[in-house]
Asker: 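The structure is given below, and queries will be raised subsequently.
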There are 2 protein chains.
Amino acid sequence: MANMSGLGIEDAGPQLGRNLTYGMLDAIGRAIVVGDYDGATFPTEAELAKQHGVSRSVTREAVKMLTAKGLLSARPRQGTTVQPTTSWNLFDTDVLRWLLERQFSIDLLRQFNELRVAIEPEAAALAARVATADDIERVNAGLKRMERAERGEDDTLESDIAFHIAVLRASRNPFYAQFRDVVSTALRTSIRFTNRVKGRTANVADHAAVRDAIAGGNPDKARKAMRSLISDVLDLIDTAKPDGAAG
Amino acid sequence: MANMSGLGIEDAGPQLGRNLTYGMLDAIGRAIVVGDYDGATFPTEAELAKQHGVSRSVTREAVKMLTAKGLLSARPRQGTTVQPTTSWNLFDTDVLRWLLERQFSIDLLRQFNELRVAIEPEAAALAARVATADDIERVNAGLKRMERAERGEDDTLESDIAFHIAVLRASRNPFYAQFRDVVSTALRTSIRFTNRVKGRTANVADHAAVRDAIAGGNPDKARKAMRSLISDVLDLIDTAKPDGAAG
DNA sequence: AAATCACATTTATCTGATTTAAATTGCTTG
DNA sequence: CAAGCAATTTAAATCAGATAAATGTGATTT
(Lines give C-alpha, C1' and ligand atoms only; values in the text may rest on other atoms or scores of the structure.)
Protein backbone atom coordinates (compact mmCIF):
# COMPACT_ATOMS: atom_id res chain seq x y z
CA MET A 1 0.00 0.00 0.00
CA ALA A 2 2.80 2.46 -0.79
CA ASN A 3 0.91 5.72 -0.44
CA MET A 4 3.98 7.89 -0.18
CA SER A 5 3.73 9.61 -3.54
CA GLY A 6 6.10 12.46 -2.85
CA LEU A 7 5.69 15.43 -0.56
CA GLY A 8 4.54 15.10 2.99
CA ILE A 9 1.11 16.59 2.38
CA GLU A 10 -1.09 13.78 3.57
CA ASP A 11 -4.09 15.48 5.12
CA ALA A 12 -6.04 16.38 2.01
CA GLY A 13 -7.43 19.57 3.51
CA PRO A 14 -10.52 20.86 5.28
CA GLN A 15 -13.50 18.54 4.84
CA LEU A 16 -12.25 16.31 2.06
CA GLY A 17 -11.30 13.22 4.00
CA ARG A 18 -14.17 13.78 6.37
CA ASN A 19 -15.01 10.12 5.98
CA LEU A 20 -13.68 7.09 4.14
CA THR A 21 -15.80 7.58 1.03
CA TYR A 22 -14.69 11.16 0.43
CA GLY A 23 -11.11 10.27 1.20
CA MET A 24 -11.24 7.55 -1.41
CA LEU A 25 -13.00 9.84 -3.89
CA ASP A 26 -10.17 12.30 -3.52
CA ALA A 27 -7.42 9.72 -3.76
CA ILE A 28 -8.75 8.00 -6.87
CA GLY A 29 -9.84 11.23 -8.52
CA ARG A 30 -6.41 12.74 -8.09
CA ALA A 31 -4.74 9.56 -9.33
CA ILE A 32 -6.86 9.53 -12.48
CA VAL A 33 -6.35 13.20 -13.29
CA VAL A 34 -2.65 13.12 -12.55
CA GLY A 35 -2.43 10.23 -14.98
CA ASP A 36 -1.49 7.33 -12.74
CA TYR A 37 -3.78 5.02 -14.69
CA ASP A 38 -2.75 6.12 -18.17
CA GLY A 39 -2.16 3.00 -20.18
CA ALA A 40 -2.75 0.80 -17.16
CA THR A 41 -5.93 -1.17 -16.60
CA PHE A 42 -8.13 0.18 -13.86
CA PRO A 43 -8.50 -2.15 -10.86
CA THR A 44 -11.70 -4.05 -10.26
CA GLU A 45 -14.02 -3.04 -7.49
CA ALA A 46 -12.66 -5.82 -5.25
CA GLU A 47 -9.03 -4.90 -5.92
CA LEU A 48 -9.69 -1.20 -5.27
CA ALA A 49 -11.30 -2.05 -1.96
CA LYS A 50 -8.37 -4.18 -0.90
CA GLN A 51 -5.77 -1.62 -2.04
CA HIS A 52 -7.39 1.13 0.00
CA GLY A 53 -8.27 -1.07 2.93
CA VAL A 54 -11.98 -0.31 2.88
CA SER A 55 -15.15 -2.24 2.22
CA ARG A 56 -16.71 -2.68 -1.17
CA SER A 57 -19.59 -0.36 -0.25
CA VAL A 58 -17.23 2.54 0.26
CA THR A 59 -15.44 1.71 -2.96
CA ARG A 60 -18.64 1.53 -4.95
CA GLU A 61 -19.85 4.87 -3.63
CA ALA A 62 -16.57 6.58 -4.46
CA VAL A 63 -16.60 5.05 -7.94
CA LYS A 64 -20.20 6.16 -8.44
CA MET A 65 -19.27 9.75 -7.57
CA LEU A 66 -16.40 9.68 -10.02
CA THR A 67 -18.80 8.30 -12.60
CA ALA A 68 -21.13 11.21 -11.92
CA LYS A 69 -18.23 13.59 -12.57
CA GLY A 70 -17.47 11.87 -15.86
CA LEU A 71 -14.12 10.34 -14.90
CA LEU A 72 -15.14 6.70 -14.77
CA SER A 73 -17.56 4.28 -16.34
CA ALA A 74 -18.50 0.85 -15.00
CA ARG A 75 -20.07 -2.13 -16.69
CA PRO A 76 -20.32 -5.77 -15.67
CA ARG A 77 -17.70 -8.05 -17.13
CA GLN A 78 -15.93 -5.12 -18.85
CA GLY A 79 -14.97 -3.57 -15.55
CA THR A 80 -14.47 0.02 -14.49
CA THR A 81 -12.63 2.20 -17.01
CA VAL A 82 -11.20 5.70 -17.02
CA GLN A 83 -13.10 7.92 -19.45
CA PRO A 84 -11.36 10.16 -22.00
CA THR A 85 -10.74 13.70 -20.73
CA THR A 86 -13.37 15.02 -23.15
CA SER A 87 -16.07 13.55 -20.96
CA TRP A 88 -14.70 14.86 -17.66
CA ASN A 89 -16.78 17.57 -16.09
CA LEU A 90 -14.16 20.32 -16.08
CA PHE A 91 -16.39 22.73 -14.19
CA ASP A 92 -16.61 20.45 -11.19
CA THR A 93 -14.80 21.86 -8.17
CA ASP A 94 -13.08 18.58 -7.40
CA VAL A 95 -11.94 18.01 -10.97
CA LEU A 96 -10.55 21.54 -11.11
CA ARG A 97 -8.63 21.00 -7.90
CA TRP A 98 -7.19 17.71 -9.12
CA LEU A 99 -6.21 19.32 -12.43
CA LEU A 100 -4.11 21.85 -10.56
CA GLU A 101 -2.36 19.15 -8.61
CA ARG A 102 -0.61 17.82 -11.62
CA GLN A 103 2.52 19.58 -12.78
CA PHE A 104 2.03 23.27 -13.48
CA SER A 105 1.15 23.76 -17.12
CA ILE A 106 1.20 27.09 -18.86
CA ASP A 107 -1.22 25.60 -21.37
CA LEU A 108 -3.82 25.03 -18.66
CA LEU A 109 -3.26 28.55 -17.39
CA ARG A 110 -3.84 29.95 -20.87
CA GLN A 111 -6.98 27.84 -21.35
CA PHE A 112 -8.33 29.13 -18.06
CA ASN A 113 -7.86 32.71 -19.12
CA GLU A 114 -9.16 32.12 -22.63
CA LEU A 115 -12.35 31.09 -20.91
CA ARG A 116 -12.32 34.08 -18.58
CA VAL A 117 -11.95 36.47 -21.50
CA ALA A 118 -15.21 35.13 -22.86
CA ILE A 119 -17.18 34.95 -19.63
CA GLU A 120 -16.23 37.89 -17.50
CA PRO A 121 -16.55 40.79 -19.95
CA GLU A 122 -20.01 39.57 -20.91
CA ALA A 123 -20.92 39.11 -17.27
CA ALA A 124 -19.84 42.70 -16.63
CA ALA A 125 -21.92 43.94 -19.56
CA LEU A 126 -24.92 42.03 -18.27
CA ALA A 127 -24.33 43.34 -14.77
CA ALA A 128 -24.36 46.90 -16.10
CA ARG A 129 -27.86 46.24 -17.36
CA VAL A 130 -29.47 44.23 -14.59
CA ALA A 131 -27.46 44.48 -11.35
CA THR A 132 -29.40 45.36 -8.23
CA ALA A 133 -28.20 47.80 -5.60
CA ASP A 134 -27.06 44.86 -3.48
CA ASP A 135 -25.07 43.43 -6.37
CA ILE A 136 -23.31 46.73 -6.97
CA GLU A 137 -22.62 47.03 -3.27
CA ARG A 138 -20.82 43.68 -3.35
CA VAL A 139 -18.74 44.75 -6.34
CA ASN A 140 -17.91 47.92 -4.48
CA ALA A 141 -16.95 45.99 -1.39
CA GLY A 142 -14.55 43.90 -3.46
CA LEU A 143 -12.98 47.02 -4.90
CA LYS A 144 -12.60 48.57 -1.48
CA ARG A 145 -10.84 45.44 -0.26
CA MET A 146 -8.44 45.78 -3.19
CA GLU A 147 -7.73 49.35 -2.21
CA ARG A 148 -7.04 48.30 1.34
CA ALA A 149 -4.84 45.48 0.05
CA GLU A 150 -2.84 48.06 -1.89
CA ARG A 151 -2.06 49.66 1.45
CA GLY A 152 -1.18 46.28 2.90
CA GLU A 153 -4.33 46.06 5.00
CA ASP A 154 -5.93 43.13 3.20
CA ASP A 155 -4.97 40.16 1.07
CA THR A 156 -4.26 41.10 -2.55
CA LEU A 157 -5.35 37.81 -4.07
CA GLU A 158 -8.47 37.25 -1.99
CA SER A 159 -9.78 40.76 -2.55
CA ASP A 160 -9.19 40.42 -6.29
CA ILE A 161 -11.16 37.17 -6.29
CA ALA A 162 -13.95 38.74 -4.27
CA PHE A 163 -14.28 41.50 -6.85
CA HIS A 164 -14.48 39.17 -9.84
CA ILE A 165 -16.96 36.86 -8.17
CA ALA A 166 -19.14 39.81 -7.23
CA VAL A 167 -19.30 40.79 -10.89
CA LEU A 168 -20.26 37.27 -11.93
CA ARG A 169 -23.04 37.31 -9.38
CA ALA A 170 -24.19 40.74 -10.46
CA SER A 171 -24.95 39.36 -13.92
CA ARG A 172 -27.98 37.71 -12.29
CA ASN A 173 -27.47 34.72 -14.55
CA PRO A 174 -26.89 31.45 -12.66
CA PHE A 175 -24.74 30.09 -15.46
CA TYR A 176 -22.29 32.95 -15.06
CA ALA A 177 -22.33 32.65 -11.29
CA GLN A 178 -21.32 29.04 -11.79
CA PHE A 179 -17.87 30.14 -12.94
CA ARG A 180 -17.08 31.10 -9.37
CA ASP A 181 -14.68 28.21 -8.92
CA VAL A 182 -13.06 28.41 -12.33
CA VAL A 183 -12.36 32.09 -11.94
CA SER A 184 -10.99 31.88 -8.43
CA THR A 185 -8.86 28.90 -9.40
CA ALA A 186 -7.61 30.71 -12.47
CA LEU A 187 -6.86 33.83 -10.47
CA ARG A 188 -4.93 31.95 -7.83
CA THR A 189 -2.79 30.39 -10.52
CA SER A 190 -2.55 33.46 -12.72
CA ILE A 191 -1.42 35.78 -10.00
CA ARG A 192 1.28 33.44 -8.84
CA PHE A 193 2.45 33.35 -12.45
CA THR A 194 2.21 37.04 -13.28
CA ASN A 195 4.00 37.90 -10.06
CA ARG A 196 6.79 35.61 -11.13
CA VAL A 197 7.06 37.12 -14.60
CA LYS A 198 7.04 40.72 -13.52
CA GLY A 199 6.27 42.38 -10.24
CA ARG A 200 2.85 43.53 -11.28
CA THR A 201 0.50 44.66 -8.58
CA ALA A 202 -3.21 44.24 -9.16
CA ASN A 203 -4.33 47.31 -11.09
CA VAL A 204 -6.92 48.82 -8.83
CA ALA A 205 -7.64 51.71 -11.16
CA ASP A 206 -8.54 49.35 -14.01
CA HIS A 207 -10.85 47.43 -11.72
CA ALA A 208 -12.48 50.67 -10.64
CA ALA A 209 -13.29 51.35 -14.29
CA VAL A 210 -15.29 48.15 -14.38
CA ARG A 211 -17.14 49.09 -11.24
CA ASP A 212 -17.92 52.55 -12.57
CA ALA A 213 -19.29 51.19 -15.82
CA ILE A 214 -21.50 48.67 -14.02
CA ALA A 215 -22.76 51.21 -11.50
CA GLY A 216 -23.29 53.71 -14.32
CA GLY A 217 -25.29 51.22 -16.36
CA ASN A 218 -22.94 51.25 -19.33
CA PRO A 219 -22.67 47.69 -20.74
CA ASP A 220 -20.21 48.43 -23.53
CA LYS A 221 -17.82 50.24 -21.24
CA ALA A 222 -18.09 47.48 -18.66
CA ARG A 223 -17.37 44.82 -21.27
CA LYS A 224 -14.33 46.65 -22.59
CA ALA A 225 -12.93 47.45 -19.18
CA MET A 226 -13.19 43.87 -18.01
CA ARG A 227 -11.84 42.56 -21.28
CA SER A 228 -8.76 44.68 -21.02
CA LEU A 229 -8.09 43.39 -17.52
CA ILE A 230 -7.99 39.80 -18.70
CA SER A 231 -6.33 40.50 -22.02
CA ASP A 232 -3.39 41.84 -20.07
CA VAL A 233 -2.95 38.47 -18.40
CA LEU A 234 -3.35 36.62 -21.69
CA ASP A 235 -0.73 38.80 -23.34
CA LEU A 236 1.64 38.08 -20.52
CA ILE A 237 1.10 34.36 -21.00
CA ASP A 238 1.58 34.55 -24.75
CA THR A 239 4.76 36.49 -24.19
CA ALA A 240 6.12 33.73 -22.00
CA LYS A 241 5.14 31.09 -24.52
CA PRO A 242 3.92 32.17 -27.97
CA ASP A 243 1.17 30.43 -29.90
CA GLY A 244 1.66 26.79 -30.68
CA ALA A 245 5.14 26.32 -29.29
CA ALA A 246 5.71 22.82 -28.01
CA GLY A 247 6.12 22.14 -24.30
CA MET B 1 -46.45 9.76 -7.35
CA ALA B 2 -48.48 11.47 -10.09
CA ASN B 3 -45.89 11.41 -12.86
CA MET B 4 -48.17 12.41 -15.70
CA SER B 5 -46.72 15.87 -16.30
CA GLY B 6 -47.98 16.34 -19.82
CA LEU B 7 -47.01 14.52 -22.98
CA GLY B 8 -46.81 10.79 -23.12
CA ILE B 9 -43.06 10.54 -23.08
CA GLU B 10 -42.55 8.09 -20.27
CA ASP B 11 -39.52 6.00 -21.20
CA ALA B 12 -36.71 8.27 -20.07
CA GLY B 13 -34.57 7.44 -23.08
CA PRO B 14 -31.66 5.29 -24.15
CA GLN B 15 -29.48 4.11 -21.30
CA LEU B 16 -30.85 6.06 -18.38
CA GLY B 17 -32.74 3.40 -16.54
CA ARG B 18 -30.22 0.80 -17.57
CA ASN B 19 -30.18 -0.40 -14.00
CA LEU B 20 -31.83 0.37 -10.69
CA THR B 21 -29.23 2.88 -9.54
CA TYR B 22 -29.42 5.02 -12.66
CA GLY B 23 -33.17 4.81 -12.69
CA MET B 24 -33.28 6.08 -9.15
CA LEU B 25 -30.71 8.78 -9.93
CA ASP B 26 -32.95 10.03 -12.69
CA ALA B 27 -36.14 9.86 -10.65
CA ILE B 28 -34.77 11.70 -7.64
CA GLY B 29 -32.77 14.17 -9.71
CA ARG B 30 -35.81 15.14 -11.71
CA ALA B 31 -37.93 15.39 -8.56
CA ILE B 32 -35.43 17.74 -6.93
CA VAL B 33 -34.99 19.99 -9.95
CA VAL B 34 -38.69 20.12 -10.69
CA GLY B 35 -39.15 21.25 -7.11
CA ASP B 36 -41.03 18.35 -5.57
CA TYR B 37 -39.04 18.70 -2.38
CA ASP B 38 -39.25 22.49 -2.04
CA GLY B 39 -40.19 23.23 1.51
CA ALA B 40 -40.57 19.56 2.31
CA THR B 41 -38.02 17.59 4.29
CA PHE B 42 -36.03 15.14 2.23
CA PRO B 43 -36.63 11.47 3.12
CA THR B 44 -34.06 9.48 5.02
CA GLU B 45 -32.04 6.84 3.25
CA ALA B 46 -34.30 4.10 4.61
CA GLU B 47 -37.48 5.91 3.59
CA LEU B 48 -36.17 6.59 0.10
CA ALA B 49 -35.30 2.94 -0.33
CA LYS B 50 -38.77 1.84 0.74
CA GLN B 51 -40.52 4.45 -1.42
CA HIS B 52 -38.66 3.31 -4.53
CA GLY B 53 -38.77 -0.35 -3.68
CA VAL B 54 -35.01 -0.87 -3.79
CA SER B 55 -32.30 -1.73 -1.32
CA ARG B 56 -30.36 0.79 0.71
CA SER B 57 -27.20 0.16 -1.35
CA VAL B 58 -28.91 1.34 -4.51
CA THR B 59 -30.32 4.31 -2.67
CA ARG B 60 -26.98 5.28 -1.22
CA GLU B 61 -25.26 5.11 -4.60
CA ALA B 62 -27.92 7.25 -6.25
CA VAL B 63 -27.70 9.78 -3.43
CA LYS B 64 -23.91 9.83 -3.72
CA MET B 65 -24.14 10.62 -7.44
CA LEU B 66 -26.57 13.44 -6.74
CA THR B 67 -24.16 14.69 -4.10
CA ALA B 68 -21.38 14.66 -6.67
CA LYS B 69 -23.56 16.81 -8.94
CA GLY B 70 -24.18 19.27 -6.13
CA LEU B 71 -27.89 18.59 -5.62
CA LEU B 72 -27.72 16.85 -2.27
CA SER B 73 -25.68 16.80 0.89
CA ALA B 74 -25.72 14.06 3.49
CA ARG B 75 -24.62 14.10 7.11
CA PRO B 76 -25.30 11.75 10.00
CA ARG B 77 -28.05 12.81 12.31
CA GLN B 78 -28.93 15.83 10.14
CA GLY B 79 -29.98 13.65 7.24
CA THR B 80 -29.87 14.20 3.51
CA THR B 81 -30.79 17.69 2.36
CA VAL B 82 -31.40 19.37 -0.98
CA GLN B 83 -28.73 21.97 -1.69
CA PRO B 84 -29.52 25.50 -2.88
CA THR B 85 -29.53 25.85 -6.66
CA THR B 86 -26.36 27.94 -6.47
CA SER B 87 -24.40 24.80 -5.69
CA TRP B 88 -25.93 22.66 -8.44
CA ASN B 89 -23.55 21.82 -11.23
CA LEU B 90 -25.48 23.45 -14.07
CA PHE B 91 -23.07 22.18 -16.70
CA ASP B 92 -23.80 18.58 -15.88
CA THR B 93 -25.69 16.81 -18.65
CA ASP B 94 -28.18 15.25 -16.29
CA VAL B 95 -28.89 18.48 -14.44
CA LEU B 96 -29.44 20.28 -17.74
CA ARG B 97 -31.88 17.61 -18.87
CA TRP B 98 -33.80 17.77 -15.62
CA LEU B 99 -33.91 21.57 -15.81
CA LEU B 100 -35.64 21.34 -19.15
CA GLU B 101 -38.20 18.92 -17.83
CA ARG B 102 -39.79 21.50 -15.64
CA GLN B 103 -42.24 23.88 -17.17
CA PHE B 104 -40.84 25.82 -20.12
CA SER B 105 -39.36 29.06 -18.92
CA ILE B 106 -38.42 31.91 -21.18
CA ASP B 107 -36.06 33.06 -18.43
CA LEU B 108 -34.07 29.84 -18.68
CA LEU B 109 -34.00 30.16 -22.45
CA ARG B 110 -32.64 33.69 -22.17
CA GLN B 111 -30.01 32.63 -19.64
CA PHE B 112 -28.89 29.87 -21.97
CA ASN B 113 -28.41 32.29 -24.81
CA GLU B 114 -26.79 34.93 -22.64
CA LEU B 115 -24.18 32.29 -21.97
CA ARG B 116 -23.89 31.34 -25.63
CA VAL B 117 -23.30 34.95 -26.63
CA ALA B 118 -20.25 34.94 -24.38
CA ILE B 119 -18.86 31.55 -25.27
CA GLU B 120 -19.42 30.95 -28.94
CA PRO B 121 -18.13 34.19 -30.46
CA GLU B 122 -14.92 33.84 -28.48
CA ALA B 123 -14.67 30.17 -29.45
CA ALA B 124 -15.01 31.20 -33.10
CA ALA B 125 -12.31 33.84 -32.70
CA LEU B 126 -10.02 31.31 -31.09
CA ALA B 127 -10.79 28.80 -33.81
CA ALA B 128 -9.80 31.33 -36.44
CA ARG B 129 -6.39 31.45 -34.82
CA VAL B 130 -5.67 27.85 -33.93
CA ALA B 131 -8.02 25.48 -35.78
CA THR B 132 -6.39 22.57 -37.59
CA ALA B 133 -7.39 21.39 -41.06
CA ASP B 134 -9.44 18.63 -39.45
CA ASP B 135 -11.27 21.12 -37.24
CA ILE B 136 -12.15 23.29 -40.21
CA GLU B 137 -13.26 20.23 -42.11
CA ARG B 138 -15.72 19.41 -39.34
CA VAL B 139 -17.08 22.97 -39.36
CA ASN B 140 -17.45 22.69 -43.09
CA ALA B 141 -19.24 19.38 -42.78
CA GLY B 142 -21.71 20.97 -40.40
CA LEU B 143 -22.34 23.80 -42.81
CA LYS B 144 -22.87 21.37 -45.69
CA ARG B 145 -25.41 19.49 -43.64
CA MET B 146 -27.24 22.77 -43.07
CA GLU B 147 -27.29 23.40 -46.79
CA ARG B 148 -28.68 19.95 -47.41
CA ALA B 149 -31.24 20.54 -44.67
CA GLU B 150 -32.33 23.68 -46.46
CA ARG B 151 -33.21 21.44 -49.40
CA GLY B 152 -35.01 19.04 -47.10
CA GLU B 153 -32.31 16.38 -47.31
CA ASP B 154 -31.14 16.56 -43.68
CA ASP B 155 -32.43 17.57 -40.28
CA THR B 156 -32.42 21.34 -39.73
CA LEU B 157 -31.85 21.22 -36.00
CA GLU B 158 -29.26 18.46 -35.90
CA SER B 159 -27.14 20.01 -38.64
CA ASP B 160 -27.27 23.38 -36.87
CA ILE B 161 -26.08 21.72 -33.67
CA ALA B 162 -23.31 19.88 -35.52
CA PHE B 163 -22.03 23.19 -36.87
CA HIS B 164 -21.94 24.94 -33.53
CA ILE B 165 -20.27 22.02 -31.77
CA ALA B 166 -17.65 21.82 -34.50
CA VAL B 167 -16.76 25.45 -33.84
CA LEU B 168 -16.46 24.83 -30.11
CA ARG B 169 -14.13 21.93 -30.81
CA ALA B 170 -12.12 23.97 -33.27
CA SER B 171 -11.20 26.38 -30.49
CA ARG B 172 -8.86 23.64 -29.25
CA ASN B 173 -9.69 24.63 -25.70
CA PRO B 174 -11.23 21.80 -23.64
CA PHE B 175 -13.21 24.29 -21.55
CA TYR B 176 -15.00 25.55 -24.64
CA ALA B 177 -15.56 22.03 -25.92
CA GLN B 178 -17.26 21.33 -22.63
CA PHE B 179 -20.18 23.54 -23.63
CA ARG B 180 -21.24 20.87 -26.09
CA ASP B 181 -24.26 19.90 -24.03
CA VAL B 182 -25.30 23.39 -23.01
CA VAL B 183 -25.22 24.60 -26.59
CA SER B 184 -27.09 21.66 -28.05
CA THR B 185 -29.66 21.87 -25.28
CA ALA B 186 -30.03 25.59 -25.80
CA LEU B 187 -30.36 25.16 -29.55
CA ARG B 188 -33.00 22.49 -29.25
CA THR B 189 -35.03 24.78 -27.03
CA SER B 190 -34.28 27.99 -28.92
CA ILE B 191 -35.23 26.66 -32.29
CA ARG B 192 -38.52 25.32 -31.06
CA PHE B 193 -39.16 28.78 -29.65
CA THR B 194 -38.01 30.87 -32.60
CA ASN B 195 -39.99 28.69 -34.94
CA ARG B 196 -43.05 29.38 -32.85
CA VAL B 197 -42.48 33.14 -32.82
CA LYS B 198 -41.84 33.54 -36.51
CA GLY B 199 -41.22 30.99 -39.23
CA ARG B 200 -37.51 31.66 -39.35
CA THR B 201 -35.35 29.09 -41.09
CA ALA B 202 -31.77 28.71 -39.97
CA ASN B 203 -29.75 31.38 -41.76
CA VAL B 204 -27.26 29.33 -43.69
CA ALA B 205 -25.58 32.38 -45.20
CA ASP B 206 -24.84 33.84 -41.79
CA HIS B 207 -23.35 30.56 -40.68
CA ALA B 208 -21.20 30.46 -43.81
CA ALA B 209 -19.76 33.82 -42.79
CA VAL B 210 -18.53 32.26 -39.57
CA ARG B 211 -16.99 29.36 -41.45
CA ASP B 212 -15.27 31.70 -43.90
CA ALA B 213 -13.78 33.82 -41.13
CA ILE B 214 -12.47 30.77 -39.31
CA ALA B 215 -11.05 29.19 -42.43
CA GLY B 216 -9.57 32.55 -43.46
CA GLY B 217 -7.91 33.00 -40.08
CA ASN B 218 -9.75 36.19 -39.21
CA PRO B 219 -10.59 36.17 -35.47
CA ASP B 220 -12.41 39.51 -35.32
CA LYS B 221 -14.64 38.65 -38.24
CA ALA B 222 -15.36 35.22 -36.79
CA ARG B 223 -16.26 36.73 -33.44
CA LYS B 224 -18.59 39.28 -34.96
CA ALA B 225 -20.27 36.83 -37.30
CA MET B 226 -20.97 34.35 -34.53
CA ARG B 227 -22.09 37.07 -32.19
CA SER B 228 -24.64 38.35 -34.65
CA LEU B 229 -26.07 34.84 -35.03
CA ILE B 230 -26.79 34.56 -31.34
CA SER B 231 -27.75 38.18 -30.82
CA ASP B 232 -30.59 37.58 -33.26
CA VAL B 233 -31.98 34.89 -31.00
CA LEU B 234 -31.53 37.08 -27.91
CA ASP B 235 -33.33 39.95 -29.56
CA LEU B 236 -36.19 37.65 -30.42
CA ILE B 237 -36.43 36.55 -26.80
CA ASP B 238 -36.31 40.11 -25.49
CA THR B 239 -39.05 41.04 -27.92
CA ALA B 240 -41.28 38.34 -26.56
CA LYS B 241 -40.54 39.39 -23.01
CA PRO B 242 -38.63 42.60 -22.37
CA ASP B 243 -36.07 43.04 -19.61
CA GLY B 244 -37.25 42.41 -16.10
CA ALA B 245 -40.92 41.77 -16.76
CA ALA B 246 -42.41 39.44 -14.19
CA GLY B 247 -43.73 35.93 -14.76
C1' DA C 1 -19.03 -20.18 -41.40
C1' DA C 2 -22.72 -18.94 -38.58
C1' DA C 3 -25.50 -19.62 -34.87
C1' DT C 4 -25.92 -21.40 -30.25
C1' DC C 5 -24.68 -22.65 -25.72
C1' DA C 6 -21.92 -22.95 -21.50
C1' DC C 7 -18.83 -20.63 -18.68
C1' DA C 8 -16.16 -17.18 -16.32
C1' DT C 9 -15.75 -12.56 -14.72
C1' DT C 10 -17.20 -8.34 -12.98
C1' DT C 11 -20.52 -5.18 -11.62
C1' DA C 12 -25.26 -4.91 -9.48
C1' DT C 13 -28.15 -5.82 -5.76
C1' DC C 14 -29.82 -7.34 -1.33
C1' DT C 15 -29.75 -8.10 3.71
C1' DG C 16 -28.72 -7.19 8.36
C1' DA C 17 -25.50 -5.95 11.76
C1' DT C 18 -22.25 -2.60 13.67
C1' DT C 19 -19.99 1.86 14.11
C1' DT C 20 -19.58 6.79 14.02
C1' DA C 21 -21.11 11.66 13.93
C1' DA C 22 -23.80 15.17 15.67
C1' DA C 23 -28.06 17.36 17.30
C1' DT C 24 -31.07 17.25 21.32
C1' DT C 25 -32.26 16.57 25.80
C1' DG C 26 -31.75 16.80 30.49
C1' DC C 27 -28.97 16.98 34.36
C1' DT C 28 -25.69 19.29 37.10
C1' DT C 29 -23.45 23.11 38.84
C1' DG C 30 -22.10 27.95 39.64
C1' DC D 1 -31.53 31.24 35.99
C1' DA D 2 -27.65 30.45 32.97
C1' DA D 3 -23.72 27.77 31.55
C1' DG D 4 -21.56 23.76 30.97
C1' DC D 5 -21.50 18.75 30.58
C1' DA D 6 -23.08 14.01 29.80
C1' DA D 7 -26.46 10.70 28.15
C1' DT D 8 -29.55 9.85 24.53
C1' DT D 9 -30.91 9.35 20.06
C1' DT D 10 -31.14 9.54 15.17
C1' DA D 11 -29.34 9.10 10.73
C1' DA D 12 -25.65 8.27 7.88
C1' DA D 13 -21.28 5.50 7.36
C1' DT D 14 -19.17 1.18 7.22
C1' DC D 15 -18.68 -3.64 7.13
C1' DA D 16 -19.49 -8.57 5.75
C1' DG D 17 -21.21 -12.11 2.93
C1' DA D 18 -24.38 -13.87 -0.24
C1' DT D 19 -27.00 -13.85 -4.56
C1' DA D 20 -28.34 -11.90 -9.10
C1' DA D 21 -27.60 -10.02 -13.58
C1' DA D 22 -24.91 -8.69 -17.47
C1' DT D 23 -21.61 -9.64 -20.93
C1' DG D 24 -17.40 -11.07 -23.29
C1' DT D 25 -15.02 -15.52 -24.60
C1' DG D 26 -14.61 -19.75 -26.35
C1' DA D 27 -16.38 -24.29 -27.29
C1' DT D 28 -19.99 -26.67 -29.64
C1' DT D 29 -23.20 -27.51 -32.78
C1' DT D 30 -25.55 -26.99 -37.21
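Naming: A, B, ... by sequence-line order, numbering from 1 per chain.
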Asker: Return the CG to CG distance between A/Leu99 and A/Asp92, rounded to the nearest 0.5 Å.
Answerer: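 Answer for the CG-CG pair, A/Leu99 versus A/Asp92, is 10.0 Å.
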Asker: Quick one: are A/Leu90 and A/Thr85 in side-chain contact, heavy atoms under 4.5 Å?
Answerer: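 Sidechains of A/Thr85 and A/Leu90: no contact.
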Asker: Could you give the CE-to-C1' distance, from A/Met24 to D/dA13, as a whole number of Å?
Answerer: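 The answer, rounded to whole Å, is 14 Å.
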Asker: Please determine if a side-chain N or O atom of A/Thr21 lies less than 4.0 Å away from the OP1 or OP2 oxygen of D/dT14.
Answerer: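 Checking D/dT14 against A/Thr21, a side-chain N or O does come within under 4.0 Å of OP1 or OP2.
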Asker: Under 3.5 Å, is there a donor-acceptor pair between the side chain of B/Thr156 and the main chain of B/Ala149?
Answerer: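 Side chain of B/Thr156 to backbone of B/Ala149: no pair is present.
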Asker: Quick check on contacts: within residues 71-81 of chain B, what sits under 4.0 Å from DNA chain C by heavy-atom distance?
Answerer: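 By residue number: B/Arg75, B/Pro76, B/Arg77.
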Asker: Does B/Arg169 CZ have over 12 foreign heavy atoms under 6.0 Å away?
Answerer: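 Open.
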Asker: Just so I know, are the side chains of B/Leu115 and A/Ile119 near enough to count as touching, which here means a heavy-atom distance under 4.5 Å?
Answerer: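 Yes, close enough: below the 4.5 Å cut-off.
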Asker: Taking the side chain as C-beta and beyond, is there a heavy-atom pair between A/Val182 and A/Phe91 under 4.5 Å?
Answerer: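 Result yes, sub-4.5 Å side-chain heavy-atom pair found.
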Asker: Which class fits the ring pair B/His207 and B/His164: parallel under 30°, tilted 30 to 60°, perpendicular over 60°?
Answerer: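 Correct class here is perpendicular.
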Asker: Could you tell me whether the side chain of B/Glu137 reaches within less than 4.5 Å of the side chain of B/Thr132, counting heavy atoms only?
Answerer: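 No, side chains not in contact.
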Asker: If you take any heavy atom closer than 4.0 Å to DNA chain C, which residues from residues 60-67 of chain A end up in contact?
Answerer: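 The stretch gives A/Arg60, A/Lys64 as the residues lying under 4.0 Å from the strand, ordered by number.
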Asker: Check step by step if side-chain contact (heavy atoms from CB on, under 4.5 Å) holds for B/Val183 and B/Arg116.
Answerer: CA-CA 7 Å; B/Val183 167; B/Arg116 288 187 61 204; 4.3 Å; yes
Asker: Calculate the interatomic distance between A/Arg18 atom CZ and D/dA13 atom P; express it in whole Å.
Answerer: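 Atom CZ in A/Arg18 sits about 8 Å away from atom P in D/dA13.
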Asker: Tell me which residues in residues 37-49 of chain A put a heavy atom below 4.0 Å from DNA chain C, sorted by number, or none.
Answerer: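 A/Thr44, A/Glu45, in order of number.
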Asker: Could you check how far CG of A/Asn19 sits from C1' of C/dA22, rounded to whole Å?
Answerer: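 Taking CG of A/Asn19 and C1' of C/dA22, I get 14 Å after rounding.
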Asker: Could you tell me the separation between the CZ atom of B/Arg56 and the P atom of C/dG16, rounded to a whole number of Å?
Answerer: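 Checked: the CZ to P distance equals 10 Å.
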Asker: Could you check A/Asn173, A/Leu168, A/Val167 and say which one makes a side chain to side chain contact (heavy atoms under 4.5 Å, CB included) with A/Ser171?
Answerer: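 Exactly one candidate clears the test, A/Asn173.
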Asker: Determine the sole option in A/Lys64, A/Arg75, A/Arg60 for which the salt bridge (Lys or Arg N to Asp or Glu O under 4.0 Å) test with A/Glu45 is passed.
Answerer: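 With A/Glu45 as partner, salt bridge (Lys or Arg N to Asp or Glu O under 4.0 Å) holds for just one option, A/Arg60.
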